[in-house]
> 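Supplied in structure tokens, the structure appears directly below.
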4 protein chains.
Amino acid sequence: MAAPPNPLRRNEASRRAILDASLQLCAELGYRRLTIEAIAARAGVSKKTIYRWWPSKGAVVLEAVDDVATTVTEHPNTGDLAADLHTQLTAVIGLLTPAETSAAVGLIAEALHDEELARDLRERIIRPRIDEFKERLRQAQRDGQLPADADLDVALDLIYGPLYHRLVFHLGLPGPDELRTLLAHALRAFGPPPR
Amino acid sequence: MAAPPNPLRRNEASRRAILDASLQLCAELGYRRLTIEAIAARAGVSKKTIYRWWPSKGAVVLEAVDDVATTVTEHPNTGDLAADLHTQLTAVIGLLTPAETSAAVGLIAEALHDEELARDLRERIIRPRIDEFKERLRQAQRDGQLPADADLDVALDLIYGPLYHRLVFHLGLPGPDELRTLLAHALRAFGPPPR
Amino acid sequence: MAAPPNPLRRNEASRRAILDASLQLCAELGYRRLTIEAIAARAGVSKKTIYRWWPSKGAVVLEAVDDVATTVTEHPNTGDLAADLHTQLTAVIGLLTPAETSAAVGLIAEALHDEELARDLRERIIRPRIDEFKERLRQAQRDGQLPADADLDVALDLIYGPLYHRLVFHLGLPGPDELRTLLAHALRAFGPPPR
Amino acid sequence: MAAPPNPLRRNEASRRAILDASLQLCAELGYRRLTIEAIAARAGVSKKTIYRWWPSKGAVVLEAVDDVATTVTEHPNTGDLAADLHTQLTAVIGLLTPAETSAAVGLIAEALHDEELARDLRERIIRPRIDEFKERLRQAQRDGQLPADADLDVALDLIYGPLYHRLVFHLGLPGPDELRTLLAHALRAFGPPPR
DNA sequence: CCTTAAACGAGACGGTACGTCCGGTCTTTAA
DNA sequence: TTAAAGACCGGACGTACCGTCTCGTTTAAGG
């Protein structure tokens, strides 16, 4: 692989213009119709500049999403586990809605065919949030809201799984009440409800 | 939508050749690198013939998958709910593995951007299986293996959700034991196991 | 070559509809944009029926032009050679104008690449008129308006040549006065003007 | 018409390869069977590159012919008008022979339906040669080989006309002797040969 | 402060696939 | 038995983007 370009020389204004253009165009056209050519044109940048810093459309959008997602999805900790999960999942649902023009959904679709992008998506975006999620669950275990022996990986699957199941088949993402019901069931899977 | 051409005139041999070529090529190249041109070439058919009967690559593959999936995923009914679900989910995992060359995974990715394909995928492939799944759960309710008031939509989400959660982030589809664990938890969400 | 179909079975109504549609469409679209498909559609006839009786688009148009050209271009004989030639050439110019939508011009262009069509065009349409033309010149020789030893093939070239020279390079077909001048010069090439 | 791309950036090697391939293929297949795809393939160039610089197959071939025709058809001036015209017309006949694979004949046919190509053909190729031709005739007038009042436009029609008349109806282009006869007649149209 | 190497915009280039059109052949249906 | 309707294979069309590659022009790092 060729040596990567010297990051010191990187033009931050171009980087921002590219990421902004990506999200704008994704919102306007949807991820699928988004093209590198259009990003370059909108950002007032040459295609070469994009390819110098990112290997693919997916990588550009991933970085753009990473920027904006950072603030959106911090796991809250108010002491009430069910309420906090509800808040958190609602934020995630916001990132995935509307599916047609959501950059996040576009990335998920792309990652299904692109091993490398999938790895980046998982490691840079998902994994840190999984870690925060588990940390919050451990807190709940210490608080006695969740059994100490609960399998946190299973919890992750039961709590986040329904979202993606519904997303991929366009079954309609859950509204607030439905979400509450789902969470209640998921938590019940770990034992008798706390006194 | 334009009226489809008269299906009476349709050449069944061409249809089969097209569907077979689609699945072959998908297995060889992966859904993403699959092209209409290649399907036409492999099937010995003109592109026009494909476009006459299907609106997009996704629609072709959907029909191809529909053909083969029919037999693969019938919900068994041995009387043991957890075992039957395990069997069923294992079959579904088979359709989704390996992700890079699975036609089903390709369709799921495509459907994330294509409303119309998503509708077809849901109505022609998924919905009937959801119905069978719920029917099996109702049987379990009659058998006393599941509380009579269990919310079957929630059950669907808790049981199938983990698969898609793991699929979209390449978290590794569950193996047999992991699957058993997931199922046990999901079922526990509906109350204490019947005496 | 396959035996031609039995002309006795030929449907005259279809034949007329095809020829009429050809000329209509040629006038509307120009020869180049004319297609067999469009002729069939306009004539309410299947493509097969056209291919059964004619080998190519050119052959259809040739027959259509032959029908209408018959009456248009009979060599007149009033006794005044120059005047008669003027009349005749004016009729020919009419067939070639406007060039963009003239079926005759389309045939000429097609014949430049299609040996077989060229032969048919020459033998069925052009040759009989050449014969009439020469007959008229022989009459003029008998009348003393043209030297008895004039080379009629050369006369043909000098009299008709300018039309096609101008046609192929879009130099503008001659108007009545210009045509008179051209004819006067062409006839002068055959000797001193008769006393 | 859209502004053409900046010619400064143009790749001269590609341009030459395209023009060469065009003439080669035209000689092999004839103008009619020549396709942009084949030119691109033979020239080792993408179709886009052809469409970037030329609007149509005709325009490509026109430029190719322009290149080669430049040297072929310079009007000679030996002092003997009839002999010089004979030389010149022989060169033109060479460009038009054999008709099936002559690029020039292909252009003429195409120009009959394509106003824009016709204009280019006339202005870039024909007009300069007409000017040279008339210049040669004016020289002949000064030499006393042609009457001073001869109408040079008429001379053009009488001298070149026969070629195109014969070309379009495949009547056989004139050989050397026939050509001499035609020229002699055409010149006689302008009055008694000077003593 | 100046030099000089890089990053940059612009965009041409070889490719691949797109979705469409039409040519010419073959099959089905109805009269 | 004929002809309409039209499906079929083939092949070229002209377009859109891909990712690579010059070009001159900034521009900022380090001498």
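A, B, ... follow the sequence lines: proteins, then strands. Residue 1 opens every chain.
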> Roughly, in whole Å, what's the span from NZ in D:Lys57 to P in F:dG11?
17 Å
> Under 4.0 Å from OP1 or OP2 of E:dG11: is there any side-chain N or O of D:Trp53 that close?
no
> Consider side chain to side chain contact (heavy atoms under 4.5 Å, CB included). Of D:Val105, D:Leu167, D:Ile108, which one does C:Val168 pass it with?
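With C:Val168 as partner, side chain to side chain contact (heavy atoms under 4.5 Å, CB included) holds for just one option, D:Ile108.
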> F:dC8, OP1 or OP2 - any side-chain N/O from B:Arg52 closer than 4.0 Å?
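Affirmative; the distance criterion is met.
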> Measure the angle between the two terminal helix axes of the helix from E:dC1-F:dG31 to E:dA31-F:dT1, five base pairs each, and quote it to 10°.
20°
> Rounded off to whole Å, could you give me the CD1-to-C1' distance for the D:Ile18 and E:dC13 pair?
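To the nearest whole Å, that distance equals 10 Å.
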> Any side-chain N or O of A:Ser14 under 4.0 Å from OP1/OP2 of E:dG9?
yes
> Tell me: CZ of D:Arg10 to C1' of F:dT22, nearest whole Å?
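Distance, rounded to whole Å: 17 Å.
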> Where along residues 28-39 of chain B does a heavy atom come under 4.0 Å from DNA chain F, residue by residue in number order?
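Contacts with DNA chain F under 4.0 Å: none.
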> Verify, without hydrogens or angle tests, whether B:Ser22 (side chain) and B:Ile18 (backbone) share a donor-acceptor contact under 3.5 angstrom.
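Checking the backbone N and O of B:Ile18 against the side chain of B:Ser22, a donor-acceptor pair under 3.5 Å is found.
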> Applying the side chain to side chain contact (heavy atoms under 4.5 Å, CB included) criterion to B:Val65, which one of B:Leu19, B:Leu121, B:Ile125 satisfies it?
B:Ile125
> Counting only side-chain heavy atoms from C-beta out, which of F:dA29, E:dA10, E:dG23 sits nearest to C:Lys47?
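Selected nucleotide: E:dG23.
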> Return whichever of B:Glu12 or C:Gly44 has its heavy-atom-nearest nucleotide of DNA chain F closer to the 5' end.
C:Gly44
> Could you tell me how far apart A:Trp54 (CH2) and E:dA7 (P) are, to the nearest whole angstrom?
14 Å
> Quick one: is C:Thr49 getting a side-chain N or O under 4.0 Å of the F:dA4 phosphate, OP1 or OP2?
yes
> Mind checking the CD1-CG spacing from B:Ile39 to B:Leu34? Nearest 0.5 Å is all I need.
4.0 Å
> In whole angstrom, what separates D:Ile50's CD1 from F:dA12's P?
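Rounded to the whole Å, the gap is 13 Å.
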> Decide, yes or no, whether a salt bridge links C:Asp114 with C:Lys57 under the criterion of side-chain N to carboxylate O below 4.0 Å.
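No, C:Asp114 and C:Lys57 are not salt-bridged.
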> Measure from the side chain of B:Arg9, starting at C-beta and using heavy atoms only, and say which of F:dA7, E:dT25, E:dC13 lies closest.
F:dA7
> The side chain of C:Lys48 lies closest to which of these nucleotides: E:dG14, E:dA10, F:dA5?
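Of all the options, the side chain of C:Lys48 is nearest to F:dA5.
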> If I take atom CZ from residue B:Arg42 and atom CG from residue B:Leu25, how far apart are they, to the nearest 0.5 angstrom?
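Going from the CZ atom of B:Arg42 to the CG atom of B:Leu25 covers 4.0 Å.
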> D:Tyr51 has an atom OH; how far is it from atom P of F:dA12, in whole Å?
12 Å
> Check side chain to side chain contact (heavy atoms under 4.5 Å, CB included) between B:Arg122 and all other residues, then give those that pass, not counting sequence neighbours.
A:His170, A:Leu171, B:Arg119, B:Arg127
> Using the six-membered ring of A:Trp53, assess whether NZ or CZ of A:Arg10 lies under 6.0 Å from its centre and within 45 degrees of the ring axis.
yes
> Is a side-chain donor or acceptor of B:Arg52 paired with a backbone partner of B:Lys48 at a separation under 3.5 angstrom?
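Checking the backbone N and O of B:Lys48 against the side chain of B:Arg52, no donor-acceptor pair under 3.5 Å is found.
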